[in-house]
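On a predicted model such as this, the values are computed, not experimentally measured, just so you know. Chain A is the first sequence line, chain B the second, and so forth, proteins listed ahead of strands; every chain is numbered from 1.
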Number of protein chains: 2
Amino acid sequence: MITTNVDISLQLRREGVRPSVTRVAVVKYLMEHHNHPTVDELYAHLVEQYPGLSRTTVYNTVHTLVDSRVLTTIEGSPEGMRVDLACNPHAHFVCDVCGAVADIAMELPEPPDQLSVTRTQLVFRGVCCNCKSIDKEKIN
Amino acid sequence: MITTNVDISLQLRREGVRPSVTRVAVVKYLMEHHNHPTVDELYAHLVEQYPGLSRTTVYNTVHTLVDSRVLTTIEGSPEGMRVDLACNPHAHFVCDVCGAVADIAMELPEPPDQLSVTRTQLVFRGVCCNCKSIDKEKIN
DNA sequence: TTCATTTTTGTAATCGATACAAAATTACTT
DNA sequence: AAGTAATTTTGTATCGATTACAAAAATGAA
């Protein structure tokens, strides 16, 4: 399943956003990397391919794409907000120890009818398996 | 349904937290005010009753009470994290225009079994009725 | 090309949040 | 009650993610 820049451009247009270079680059990166980068990590990766890219531009782009519901964000990480594609809505698990973020494939609850909801965020927080086993080592 | 400081102290002890003055004050404030204050708003209200209270202390207290699952936070407001009591778990609706936060009485989804989850956050985002009608006025 | 609109840039500044060590308070023991 | 250890609180200094803003560049239309 290959997604070209043209495909992404068309998808953005469909969502009502003009497919600028940076916007396509951000979406493409997120399609190819299923991590949940902070804006800074996103910038660090993209600037290698697009020298001269500004951190502010990445912030602007993320905001635009969140507004047009292409992206969603996970708030509350100490390192700053994390970015994810909004397609195939899913929940997230965040480890309070190491900050790792994992996708949880599950249906999101429907909001009450009378509310006009554009984004639903479901975040489970706790300790991931990895950090739990490290904790056990310390005790032993 | 009156809740005295003694009641709150006992409740905190039950949750494994020593009921310091500030901790009781924070819980009491949140029980009496069903708004969702930022740490700064919380501080502003409490400092009137406890002169000399430090903003840092409110931050410390909130962290302690979140760790011991007495409080929960709503992340992602531009004004900073908002604080709420963790009892009677419920969802939140946040208006992207005015930032207002409303409680939504509904069951929270159960996390997958294998995860050890200590906090579940369900946030609906959109435009509240108020801001929607203001928007209509502008159009007319 | 020319003009208007949109996007991007880059620096400066904002401001929520934290680090840290000293001071104050509390709990515990004798 | 006095002494001591542990906890809590304070307050300043600082960090760092995010934003403001205006200029520059790119894009699109006529």
Closest to side chain of V39(A), choosing from dT18(D), dC20(C), dG10(C): dT18(D)

If only side-chain N and O atoms of R55(A) are considered, is one of them under 4.0 Å from the OP1 or OP2 phosphate oxygen of dT9(C)? no

Side-chain contact test, heavy atoms from C-beta onward, threshold under 4.5 Å: evaluate it for H36(A) versus D103(A) and give yes or no. yes

Taking only the side-chain nitrogens and oxygens of S54(A), find out if one of them lies under 4.0 Å from OP1 or OP2 of dT8(C). no

How many Å lie between OH on Y43(A) and P on dT18(D), as a whole number? 15 Å

Can you work out whether E79(B) or R23(A) has the more 5'-proximal nearest nucleotide on DNA chain C? R23(A)

Give the rounded distance in Å between these two atoms: CG of L42(B) and P of dG16(C). 14 Å

If you only use heavy atoms from C-beta on, which nucleotide in dT9(D), dT6(C), dT9(C) is closest to the side chain of T61(B)? dT9(D)

Whole-Å distance separating the CG atom of L53(B) from the C1' atom of dT9(D): 9 Å

dT27(D), dA17(C), dA19(C): which one has an atom nearest the side-chain heavy atoms of V21(A)? dT27(D)

Parallel, tilted or perpendicular: rings of H63(B) and Y59(B) (30°, 60°): tilted

Using the closest heavy atom to pick a nucleotide of DNA chain C for each, name whichever of P51(A) or R18(A) lands nearer the 5' end. R18(A)

Can you measure from OG1 (T73(B)) to CE (M81(B)) and round to the nearest 0.5 angstrom? 6.0 Å

Indicate yes or no for a side-chain donor-acceptor contact from S54(B) to the backbone of T56(B) under 3.5 Å, with no hydrogens or angles considered. yes

Could you work out which one of dT10(D), dT7(C), dT8(D) sits closest to the side chain of S20(A)? dT7(C)

Does T57(A) reach a base, just sugar-phosphate, or nothing at all? Heavy atoms under 4.0 Å. base

Over all strands shown, is N60(A) touching base, sugar-phosphate only, or nothing at heavy-atom distances under 4.0 angstrom? base

Looking for any heavy atom pair under 4.0 Å, which part of the strands does T38(A) touch: base, sugar-phosphate only, or nothing? nothing

Under 4.0 Å between a Lys/Arg side-chain N and an Asp/Glu carboxylate O for E41(B) and R82(B)? yes

